[in-house]
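Worksheet: the structure to be examined is printed underneath.
Start at 1 with the first residue, then count along the sequence. Because the structure is a prediction, the values reported are computed rather than measured.
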Amino acid sequence: MIKITNMNPSGGRIAATFTATVGDLVLPGCALIRRGDGYVLSVPRIGTPGDTRPAPLTALKEAELLRVAVAHYGEMT
């Protein structure tokens, strides 16, 4: 299950920032970034300072997160 909360639209290259919940993983500080051909995601690294790692998202989960974020953003604008 993917849930988007606290979506804040922005101007410029960053379309919006938001918090994503993917299963049991909460990812605050995600960003939806405009590109010439659509959107891409910026997902924060997780862990403690000095010991961070990429969020454990499969390519399928990341693609689904992008789809849900773009749909949610479209509903807001």
Side-chain angles (χ1 to χ4, degrees):
M1 178 175 126
I2 295 176
K3 182 177 177 182
I4 304 290
T5 57
N6 302 324
M7 185 170 269
N8 298 305
S10 292
R13 190 170 158 232
I14 297 176
T17 57
F18 58 94
T19 297
T21 303
V22 182
D24 293 334
L25 183 64
V26 177
L27 299 167
C30 294
L32 186 60
I33 301 170
R34 287 184 189 95
R35 303 232 10 217
D37 57 346
Y39 296 94
V40 294
L41 280 178
S42 173
V43 179
R45 295 178 63 85
I46 62 172
T48 59
D51 187 25
T52 63
R53 62 190 185 285
L57 296 175
T58 64
L60 184 60
K61 283 184 182 177
E62 192 167 336
E64 184 66 7
L65 176 57
L66 176 60
R67 185 193 67 75
V68 171
V70 169
H72 192 78
Y73 178 71
E75 291 172 3
M76 293 182 64
T77 58

Fill in the blank from the handout: Value for NE2 (H72) from OG1 (T77), rounded to nearest 0.5 Å, stands at 10.5 Å

Handout entry: Y73 to L32 - nearest heavy-atom pair and separation
Key =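 Nearest pair, atom of Y73 first, then L32: CB-CD2, 3.7 Å.
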
Practice task
Kindly give the heavy-atom pair with the smallest separation between M7 and A16, and that separation in Å.
Solution key: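 Closest pair (atom of M7, atom of A16, distance): CG-CB, 3.8 Å.
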
Heavy-atom side-chain contact between [X] and [Y] under 4.5 Å:
X   : Y   : value
C30 : T19 : no
L57 : L27 : yes
F18 : N6  : no

Handout entry: Salt bridge flag under 4.0 Å for residues K61 and E64
Key = no

Exercise for the section: Please indicate whether L25 has more than 12 foreign heavy atoms, meaning atoms of other residues, nucleotides or ligands, lying under 6.0 Å from its CG. Expected result: yes

Practice task
Without swapping roles, check the side chain of D24 against the backbone of V22 for a donor-acceptor pair under 3.5 Å.
Solution key: no

Exercise for the section: Flag yes if L41 and I33 sit in one hydrophobic cluster, no otherwise; membership is Ile, Leu, Val, Met, Phe, Trp, Tyr, and two members link when side-chain heavy atoms are under 4.5 Å apart. Expected result: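 L41 does not cluster with I33.
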
Practice task
Check the hydrophobic clustering (I, L, V, M, F, W, Y; side-chain heavy atoms under 4.5 Å; chains of links allowed) and say if Y39 and M76 are grouped together.
Solution key: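 Both belong to a single hydrophobic cluster.
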
Exercise for the section: Give the intermediate values and the outcome of side-chain contact (heavy atoms from CB on, under 4.5 Å) for residues I46 and T52. Expected result: CA-CA 5 Å; I46 62 172; T52 63; over 6 Å; no

